[in-house]
Q: 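Structure below; questions to follow.
Model, not experiment: these values are computed from the prediction. Naming: A, B, ... by sequence-line order, numbering from 1 per chain.
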2 protein chains.
Amino acid sequence: MLSAGLPEGAMPKLERPGPLRERVYEALLELITTRALRPGQHLVESELAQHLGVSRQPVREALQRLNTDGWVDLRPAQGAFVHEPTEEEADQLLTVRTLLEAEAARLAAAHADADGVAELEKLCSRGEAAVGGAEVEKVVEANAAFHARVMALAGNTVLAELARQVDRRVRWYYTPVARQRGAQSWIEHRELIAAVKAGDEQGAAAVMRKHTEHTRRSYHERERG
Amino acid sequence: MLSAGLPEGAMPKLERPGPLRERVYEALLELITTRALRPGQHLVESELAQHLGVSRQPVREALQRLNTDGWVDLRPAQGAFVHEPTEEEADQLLTVRTLLEAEAARLAAAHADADGVAELEKLCSRGEAAVGGAEVEKVVEANAAFHARVMALAGNTVLAELARQVDRRVRWYYTPVARQRGAQSWIEHRELIAAVKAGDEQGAAAVMRKHTEHTRRSYHERERG
DNA sequence: TGCTGGGCTATTGAATACAGTTTACGGAGT
DNA sequence: ACTCCGTAAACTGTATTCAATAGCCCAGCA
């Protein structure tokens, strides 16, 4: 048997390419989030297939999943179009995000142990360091990691799944204006950690609500500029 | 031009069957929710295709969407299995549902006009009538319609979409125990309408939270029996 | 008797082929 | 000059075919 006390990482993990549709999905998502495929653009299956070096089949399946996730609009007998974000929808997304994140913070405050808090503090330090340097990418990534960790501490996989989708779309809308909020954001993160540490459910939820509302406001302010 | 003041309903709307994958999706969802396909069961593409009189392709696409929606688990190179609901997951779903419905109630209270309130009252009356008769199906349907209407009044499509998915799954878990809560549920609905009518956001959210928490409790009580 | 190994079958994953629909272009008629 | 109709091209929707992989049974051996 292989189970004879072998450490988990001992096996080379042999790189399985995974289902092709998944890779196509990720590839297209990357192209959309990076604006290489622009909102409103008509996505022709055969072109994408040829461009990616695969058949139409995986492309179709990827497009359908992108459709259910709200990234593309799939008009019958006409094909896929990259979704065009509207002001209203962005606002709705941010509202939902606030809701989900606040609940996650509350649950995290209720369940988190010392280890979890330590994890958050480490991520927070990393984020603050990234703010020091001017690498926008790093900051955004650190921010996502922090929020994901809070969500994990909440221990509700259904909630986490919804938040994951919403967050990714929010980030899509929000990335162009992300550079604005830097240091302030991480101060609020520290406040959140304190509330979680104290097991203060109401406080944690309130802090997170305030936090996400701030990002929402900065989004709208950017719009006017 | 057709736009010469024609009423919307004038055109026969000509029955378009819609994409085949959609129909297959609905058909499979029906089979799952009615327990014709039981949790854990292995779904073989070719069997389903033959049974439905279509090719494997639409079945594949439907299964993938069912997978992303949490109805089936799609194990690589092995196929689709009907998802097996766990206690923990049911609880998490109910938590999220409470969250989404409460927010919807709050937004509905903020935005609803007289027409909207009238709609709710009509649906409520219909529901109460259904409780009078002993048709469980009717009651469940009326309940769903009522909640959907509240969600519509909230005017947040993102929230509505998430709630739609969560609600459907909750109903799947919950249907076997639905007969328990009958009259009480609609009393609470009346309370909700009153709060919405008064534009009391906090009150509406609180009522809805209490309401969904009650259904959650009755779920757990059933478990013990 | 229990275990290992090979080959077989069933089922998914991907590619190709075919049919139906929508859109766009162009010419003829008013 | 403008509109209407017919035709053609392009693309999606569906079916069919081919390839690869996981599971299973049985023979062979310690």
Q: Whole Å only: how far is the CG atom of B:Leu20 from the P atom of D:dT16?
A: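 Those two atoms, CG and P, are 13 Å apart.
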Q: Have a look at B:Arg56 and say if it touches a base, only the backbone sugar-phosphate, or nothing, with a 4.0 Å heavy-atom cut-off.
A: base
Q: Please determine, for the side chain of A:His42, which listed nucleotide (C:dG13, D:dT12, D:dT14) has the closest atom?
A: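 Nucleotide nearest to A:His42's side chain: D:dT12.
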Q: Using the rule given for side-chain contact (heavy atoms from CB on, under 4.5 Å), can you reason through A:Leu107 versus A:Leu159, listing the C-alpha separation, both sets of side-chain angles and the distance that settles it, and then say yes or no?
A: CA-CA 11 Å; A:Leu107 291 174; A:Leu159 186 65; 4.1 Å; yes
Q: Between C:dT12 atom C1' and A:Glu22 atom CD, what is the distance in whole Å?
A: 15 Å
Q: What's A:Leu43 touching, base or sugar-phosphate or nothing? Going by heavy atoms closer than 4.0 Å.
A: sugar-phosphate
Q: Could you state the CD-C1' distance from B:Gln57 to D:dG13, rounded to the nearest angstrom?
A: 9 Å
Q: Look at the aromatic rings of B:His211 and B:His147 and report parallel, tilted or perpendicular, splitting at 30° and 60°.
A: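 If you compare the ring of B:His211 with that of B:His147, the planes turn out parallel.
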Q: Applying ring-ring contact (aromatic ring centres under 6.0 Å, His included), name anything that partners B:Tyr25, two or more places apart in sequence or on another chain.
A: none
Q: Between A:Glu22 and A:Arg65 (salt bridge meaning N to carboxylate O under 4.0 Å), is one present in this structure?
A: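 A salt bridge links A:Glu22 with A:Arg65.
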Q: Side-chain contact, heavy-atom cut-off 4.5 Å: B:Arg56 with B:Leu48?
A: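 When only atoms from C-beta onward are counted, B:Leu48 and B:Arg56 do not touch, as no gap falls below 4.5 Å.
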Q: Return the nearest nucleotide to the side chain of B:Pro58; candidates are D:dA15, C:dT11, D:dT12.
A: D:dA15
Q: Look only at the side chain of A:Gln92 and the backbone of B:Thr157, and say whether a donor-acceptor pair between them is shorter than 3.5 Å.
A: yes
Q: Choosing from C:dA15, C:dT12, D:dG13, which nucleotide comes nearest the side chain of A:Glu45?
A: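 For A:Glu45, the side-chain atoms sit closest to D:dG13.
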Q: Which residues, if any, of residues 59-73 of chain A bring a heavy atom under 4.0 Å of DNA chain C?
A: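 Under 4.0 Å from DNA chain C: no residue of residues 59-73 of chain A.
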Q: Closest approach to the side chain of A:Ser55, judged atom by atom: which nucleotide of C:dT12, D:dT12, C:dT16 is it?
A: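 Nucleotide nearest to A:Ser55's side chain: C:dT16.
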